[in-house]
Amino acid sequence: GALMACLEEPIDKTRSNAAGALGNLVRNSEQLAAALAKTKAVDALMKASDPKKGDGQGSSSRVALYSLGTVVAYGPCKAVVQQSGFDARLNELAKSRDKTLAKYATRVLDRMK
């Protein structure tokens, strides 16, 4: 829905806020995890977490990656990421020169184990 559309907005702050909000939906409970998986919110977070060239500081991709680390703690969301093949990209991001991006990618990979 609307939050996922905000992940594609041209304004970095809007993308960051949307990514954070999606992660917050399951931060303290898995109650909405299946809904996030079913509505393609996890897919949208994966797409938003991959930094784009010319994205400046790319803070929205960092927030999306952190939120992805939050949602993969729950089975339905973890399954989406595992089935997507995004773990290969996460392994690349874990080696990034951007230390924050690398840390958050490692967090996602650790939570998928």
Side-chain angles (χ1 to χ4, degrees):
L3 280 176
M4 293 183 302
C6 288
L7 289 174
E8 297 184 21
E9 282 291 314
I11 300 167
D12 191 60
K13 185 71 173 166
T14 301
R15 293 191 309 268
S16 293
N17 287 340
L22 285 169
N24 286 343
L25 289 174
V26 293
R27 191 174 73 196
N28 297 313
S29 166
E30 71 176 300
Q31 194 169 7
L32 296 174
L36 285 180
K38 185 178 180 183
T39 60
K40 306 277 187 204
V42 179
D43 299 86
L45 280 173
M46 284 187 286
K47 182 178 178 185
S49 68
D50 201 354
K52 290 147 191 72
K53 294 201 184 333
D55 211 11
Q57 291 294 317
S59 65
S60 64
S61 58
R62 288 188 196 111
V63 174
L65 197 54
Y66 189 86
S67 289
L68 190 60
T70 301
V71 303
V72 299
Y74 304 107
C77 299
K78 184 186 297 188
V80 171
V81 177
Q82 288 171 328
Q83 293 165 6
S84 73
F86 193 65
D87 57 322
R89 183 63 179 134
L90 288 168
N91 280 308
E92 291 173 15
L93 291 172
K95 297 173 187 160
S96 173
R97 288 187 307 202
D98 179 329
K99 297 301 178 199
T100 303
L101 208 57
K103 180 171 84 172
Y104 292 169
T106 300
R107 178 177 177 262
V108 176
L109 289 166
D110 287 347
R111 289 179 166 215
M112 287 178 51
K113 292 177 183 171

Worksheet item: Hey, are R107 and T70 close enough side-chain-wise for a donor-acceptor pair under 3.5 Å?
Response: yes
Worksheet item: Taking only residues at least two apart or on different chains, which pairs with a member in residues 84-113 satisfy ring pair (Phe, Tyr, Trp, His ring centres under 6.0 Å)?
Response: Y66-Y104
Discussion item. Is the shortest side-chain heavy-atom distance between L36 and P76 below 4.5 Å?
Written reply: no
Worksheet item: Does some side-chain heavy atom of D50 sit less than 4.5 Å from a side-chain heavy atom of R89?
Response: yes
Discussion item. So, using side chain to side chain donor-acceptor pair (under 3.5 Å) as the criterion, who are the partners of K113 when residues are at least two apart?
Written reply: D110
Worksheet item: Shortest non-hydrogen contact from T14 to E9?
Response: CG2-CG, 3.6 Å
Worksheet entry | Minimum heavy-atom distance D98-L101, with the two atoms named | OD1-N, 3.0 Å
Discussion item. Return the OG1 to CE distance between T39 and M4, rounded to the nearest 0.5 Å.
Written reply: 4.5 Å
Worksheet item: Residues in side-chain contact (heavy atoms from CB on, under 4.5 Å) with L32, at least two apart?
Response: L25, V26
Response to the item:
For S60 and D12 the tightest heavy-atom approach is OG-OD1, 2.7 Å
Discussion item. Using the side-chain contact (heavy atoms from CB on, under 4.5 Å) criterion, which residues pair with Q82? Sequence neighbours excluded.
Written reply: K78, M112
Worksheet item: Below 4.5 Å, heavy atoms only, C-beta onward: do C6 and R15 meet side chain to side chain?
Response: no
Worksheet item: What distance separates R62 CZ from K103 NZ, expressed to the nearest 0.5 Å?
Response: 11.0 Å
Fill in: Student check: side-chain heavy atoms of L65 and T100 closer than 4.5 Å
no
Worksheet item: With sequence neighbours excluded, what pairs up with A64 under the side-chain contact (heavy atoms from CB on, under 4.5 Å) test?
Response: A19, L45, A48, S49
Discussion item. Within the 4.5 Å heavy-atom criterion, are L22 and L7 side-chain neighbours or not?
Written reply: yes
Practice prompt. Find out whether K40 and V80 are in side-chain contact, i.e. whether some heavy atom of one side chain is under 4.5 Å from a heavy atom of the other.
Written response: no
Worksheet item: Restricting to pairs with a member in residues 19-38, which pass side chain to side chain donor-acceptor pair (under 3.5 Å), not counting sequence neighbours?
Response: N24-R27
Item to complete: Determine the minimum heavy-atom distance between V72 and V108, stating which atoms define it.
Response: CG2-O, 4.0 Å
Worksheet entry | Minimum heavy-atom distance between A94 and A105, given as atom pair plus value | N-CB, 3.6 Å
Worksheet entry | V63 versus S16, closest heavy-atom pair with distance | CG1-O, 3.3 Å
